[in-house]
Structure formats: C-alpha cells, structure tokens
*Asks:* 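Quick one: the structure is below, and I'll ask about it shortly.
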Amino acid sequence: MNLFNSALGKNITFVRPEYFIVRGFIGIPHIKYYYVFLFFVYIVSVLGNTAVMAIIYLDHNLRTPKYIAVFHLAFVDLFGSSALMPKVLDIFLFNHRYVPYNDCLTFLFFCYTCLSMQVLNLVALSYDRLIAIIYPLHYQVKVTHRFMLSLIASFWVFVVTVVLIAVGLLTRLSFCKSVVINSYFCDHGQIYRLACNDYTPSYVFGALLTALIIWFPLAFIVLSYLCIGYALSKVATAQERYRAFKTCTAHLSLVAIYFLPILIAFTLMENIHPNARIINLSLTSVFPPMLNPIIYVLQTQEIKVSVKKILNIRKQSKMKVKKVIIK
C-alpha cells in the first residue's frame, strides 16, 4: 500500500523529461521501406472500413444489433489506425523521433484506448453469436438495439477509465536516466521501465490491464464458442449445424487475426528479439483493421447482398440518366 501511496503522493517532485526518443528497429538497413509498406496498409484500412461503415449506414436492412457492433468495429479500426499510423510514419519516415512528454502520453492514451476497444468489440460480437445460436427464439428480446448500444457505451467508459489510470500512474514517475523507448510507439511497458523511482504501481496496473483487456475477453470468447459448439452438436442435421456455424466464421477469423500474434508475443516475451517484437506488434496493430472489412465483405452474406443491391441501384440510376440525356 505504501508503494501506491508514494506513487500518488502530492509532496514529491517528479522529474519529467522534455521529450522521449522512440527508437524503433535496431540495426536494420533500408527499414524505411517497411514503414512505406505500413502506409499502404493504412490506406487500404481507411478505405475498407469507410466502405463498410457506408454500406451499413446506407442499407436499412443492416441496422440490426449485430451490425451496430460491426459498424462500431469498423469505426474503432478506422479511429485506431488514424491515431497510430500517421504518428508512427511521422516519427520514422520523417525522423521526428523526439516526442514531447505530454504528446507521448496522449499518443499512448489513444493507441491503448482504440486497441482495447477493438478487443472488447469482439466480445460484443461473440455475445451476439452466442445468443443468436443458443437462444434463437429469444434473440430479438435479449439482443436489442438499446442493449448493444449500452454494451458498447459501457465498454468505452471502462476502457477510457482504466487507460486514464494507467497514464495517470506514469505521470507519478521520474525519468532521470534514459528517455529512449525501445518500441515503435509510446509503449506503456517500455515507458515505466525507464523510471528511476519505484514503478511498482504501473507494473501491477499494467499486468491488471493486460488481464482485463486481453485474457478475460479471450476467455469469454473461447467459452462462448464452446457453448456454441455444444449447442450445435445437438442440432439434428449436419446441414443445420453448418448453416448456423457459417454465421460465426467472419467473427472467428477476426478473433484469430487479433489474438494469435498477441499470444505469440506474450509466449515468447522473454526470448523474442526487440526487432521481432516490434514487427509482431506493429503488424498486429495495422493488419486486423485492414483485413476486417475484407473478411466481412467476403464472408458475410448480408453484406454481400447489400453491396450488390447498392451497386445495382447505382447502375440503374446511371442508365436512367443516360436515357434522359438521349431523349
């Protein structure tokens, strides 16, 4: 308890640096081409997520609780990519590695908030699939527009609160030695390890944050799919099981894309090279937002139908305009 009290003390003078230096990759030649690659991934992500949001907004048939969550996932992916990638590109492509102290903490806040919301949005989608398959007759009563909006809003309140606490604890640290962050952005764990006073509160809260944002959501998703698998095993025909499971394939693909790289990074944390860690985490940050729209367009029947409908409407309107011009 004394450790937390000292970290939150009012009469302590904290040494705050003017800036942090984001190191990035170590000893890799021509690494700027990698950041150019990330830039193109970011552009595809922006276009794809904007398209998914537009499709859901334009098609009234997609304004269901499930697609509220899908729309929100696209929004968070777009917001998160825009919070991370422009700053990363500015740091490494334009060699602005000296990031002011307050800017670094702000950068950290937005990155962690968006990454956390991406994971919790997968929880919302897994709950939607769980109720839809196990309680199909009660789905419209249990999962309403109001419920989904309230669930997403509660996730935002939770995430903003815990990330603000994490940032607040960082402001209780003194940095009187190195200010070099061994990561590609203002990484929470890499920052508090630079402190020259006791960083136990940040360490403990970082571990708690990891459990709340990664392990608990993953455990819920795995448990929900075990329940879904058990429920589907009771369905009479293989065709019915396949049809029900097909509605989960897009969500399962997203879960695999998000969690597999994270699990690899945590499993090999002590043995992984810093450059390998940066590649793993950077790709984890930018690839899911790019792939999510592609997965939903290719694997979700409702969105396929919606895209065809919108394209047909545009073709018909163009044909009408041509006929009017000819007359």
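In what follows, residues are counted from 1 in the order of the sequence shown.
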*Asks:* Starting from V157, can I reach L151 by hopping between I/L/V/M/F/W/Y residues whose side chains sit under 4.5 Å apart?
*Replies:* no
*Asks:* Do the side-chain sulfurs (SG) of C111 and C186 come closer than 2.5 Å?
*Replies:* no
*Asks:* Nearest 0.5 Å, please: how far is NE2 in H96 from NZ in K87?
*Replies:* 9.0 Å
*Asks:* Is a side-chain N or O of S45 found less than 3.5 angstrom from the main chain of V41, in a donor-acceptor match?
*Replies:* no
*Asks:* Whether the side chain of D128 engages the backbone of V143 through a donor-acceptor N/O pair (distance < 3.5 Å, no angle test) should be reported.
*Replies:* no
*Asks:* So F39 and I43, do their side chains get closer than 4.5 Å, heavy atoms only?
*Replies:* yes
*Asks:* Assess whether ring-ring contact (aromatic ring centres under 6.0 Å, His included) is satisfied between F107 and F20, documenting all intermediate values.
*Replies:* CA-CA 12 Å; F107 185 28; F20 287 106; over 10 Å; no
*Asks:* Heavy atoms, side chains only, cut-off 4.5 Å: are Y199 and L194 in contact?
*Replies:* no
*Asks:* How close do C114 and V76 get, heavy atom to heavy atom, and via which atoms?
*Replies:* O-CG1, 3.4 Å
*Asks:* Evaluate side-chain contact (heavy atoms from CB on, under 4.5 Å) for F155 paired with V123, printing each intermediate quantity in order.
*Replies:* CA-CA 10 Å; F155 284 159; V123 172; 4.2 Å; yes
*Asks:* For a side-chain contact (heavy atoms from CB on, under 4.5 Å) check, start with the C-alpha distance between V286 and F37, then their side-chain angles and the critical distance, and finish with the verdict.
*Replies:* CA-CA 11 Å; V286 299; F37 165 72; over 6 Å; no
*Asks:* Do F14 and T171 come within less than 4.5 Å of each other through their side chains, counting heavy atoms only?
*Replies:* no
*Asks:* Taking A69's backbone N and O only, do any of them form a donor-acceptor pair with N121's side chain (distance below 3.5 Å, no angle check)?
*Replies:* yes
*Asks:* Given side chains that start at C-beta, do those of V204 and L208 come closer than 4.5 Å, heavy atoms only?
*Replies:* no
*Asks:* Kindly give the heavy-atom pair with the smallest separation between A231 and I134, and that separation in Å.
*Replies:* CB-CG1, 3.9 Å
*Asks:* The test is side-chain contact (heavy atoms from CB on, under 4.5 Å); show your working for Y258 and N292 and say whether it passes.
*Replies:* CA-CA 10 Å; Y258 272 107; N292 289 353; 3.2 Å; yes
*Asks:* In Å and rounded to the nearest 0.5 Å, what is the OG to CG distance from S116 to L212?
*Replies:* 9.5 Å
*Asks:* Is there a side-chain contact between F158 and L120 in this structure, where contact means two heavy atoms from C-beta onward sitting under 4.5 Å apart?
*Replies:* yes
*Asks:* Take the angle between the ring planes of F79 and W156 and call it parallel below 30°, perpendicular above 60°, tilted in between.
*Replies:* tilted
*Asks:* List the atom of Y42, the atom of S82, and the distance in Å for their closest heavy-atom pair.
*Replies:* OH-OG, 3.1 Å
*Asks:* Rounded to the nearest 0.5 Å, how far apart are CD1 of I278 and CD1 of I26?
*Replies:* 6.5 Å
*Asks:* Using atom types as modelled and distance alone, determine if a side-chain donor or acceptor of Y127 lies under 3.5 Å from a backbone N or O of F220.
*Replies:* no
*Asks:* Closer than 3.5 angstrom, by distance alone: can the side chain of Y112 be matched with the main-chain N or O of H188 as a donor-acceptor pair?
*Replies:* yes
*Asks:* Take a 6.0 Å sphere around NE2 of H138 and say whether it holds more than 12 heavy atoms from other residues, nucleotides or ligands.
*Replies:* no
*Asks:* So, for S202 and L169, which heavy atoms are closest and what is the spacing to 0.1 Å?
*Replies:* OG-CB, 3.6 Å
*Asks:* May I ask whether V222 and F259 are part of the same hydrophobic cluster, defined by side-chain heavy atoms of I, L, V, M, F, W, Y residues being less than 4.5 angstrom apart, directly or through others?
*Replies:* yes
*Asks:* Would you say that C248 contacts I133 through its side chain, given a criterion of any heavy-atom pair below 4.5 Å between the two side chains?
*Replies:* yes
*Asks:* Starting from the C-alpha separation in whole Å, work towards a yes-or-no answer on disulfide bond (SG atoms under 2.5 Å apart) for C196 and C176.
*Replies:* CA-CA 6 Å; C196 52; C176 50; 2.0 Å; yes
*Asks:* Within a reach of under 6.0 Å around OH of Y34, are more than 12 heavy atoms found that belong to other residues, nucleotides or ligands?
*Replies:* yes
*Asks:* Would you indicate whether the side-chain heavy atoms of F109 and V160 approach each other to under 4.5 Å?
*Replies:* yes
*Asks:* Would you give the length of the straight line joining atom CZ of R23 to atom CD of Q190, rounded to the nearest 0.5 angstrom?
*Replies:* 10.0 Å
*Asks:* Indicate the ring-plane relationship of Y98 and Y19, choosing parallel, tilted or perpendicular according to the 30° and 60° boundaries.
*Replies:* perpendicular
*Asks:* Hydrophobic cluster membership, with links at side-chain heavy-atom distances under 4.5 Å among I/L/V/M/F/W/Y: are L223 and L232 in one?
*Replies:* no
*Asks:* side-chain contact (heavy atoms from CB on, under 4.5 Å) for L283 and L38? Distances and angles first, verdict last.
*Replies:* CA-CA 8 Å; L283 292 179; L38 292 183; 4.2 Å; yes
*Asks:* From S126 OG over to I228 CD1, what is the distance, rounded to the nearest 0.5 angstrom?
*Replies:* 7.5 Å
*Asks:* Ignoring hydrogens, what is the shortest heavy-atom contact between S285 and L84? Give both atom names and the distance.
*Replies:* CB-CD2, 3.4 Å
*Asks:* Measuring centre to centre across the rings, with the benzene-like ring taken for any Trp, is H251 within less than 6.0 Å of Y225?
*Replies:* yes
*Asks:* Using modelled atom types and a 3.5 Å cut-off, is there a donor and acceptor pairing between side-chain atoms of S81 and backbone atoms of L78?
*Replies:* no
*Asks:* Return the CG to CE distance between L73 and M53, rounded to the nearest 0.5 Å.
*Replies:* 10.5 Å
*Asks:* With F92, which of F185, F25, Y35 fulfils ring pair (Phe, Tyr, Trp, His ring centres under 6.0 Å)?
*Replies:* Y35
*Asks:* So does F147 have more than 12 non-hydrogen atoms from other groups sitting under 6.0 Å from CZ?
*Replies:* yes
*Asks:* Is it the case that one hydrophobic cluster holds both L115 and M85, taking links as side-chain heavy atoms less than 4.5 Å apart, direct or via other members?
*Replies:* no
*Asks:* Whether the side chain of H145 engages the backbone of R63 through a donor-acceptor N/O pair (distance < 3.5 Å, no angle test) should be reported.
*Replies:* yes
*Asks:* Please determine whether residues F287 and Y33 belong to a single hydrophobic cluster, defined as Ile, Leu, Val, Met, Phe, Trp and Tyr linked transitively by side-chain heavy-atom distances below 4.5 Å.
*Replies:* no
*Asks:* For the side chain of T113 and the backbone of F110, is there at least one donor-acceptor N/O pair under 3.5 Å apart?
*Replies:* no
*Asks:* Contact between F75 and N49 at the side-chain level, heavy atoms closer than 4.5 Å - yes or no?
*Replies:* no
*Asks:* Specify the closest pair of heavy atoms between S224 and L130, including all atoms of both residues, with the distance to one decimal.
*Replies:* O-CD1, 3.4 Å
*Asks:* So, N197 side chain and R172 main chain: donor-acceptor pair closer than 3.5 Å or not?
*Replies:* yes
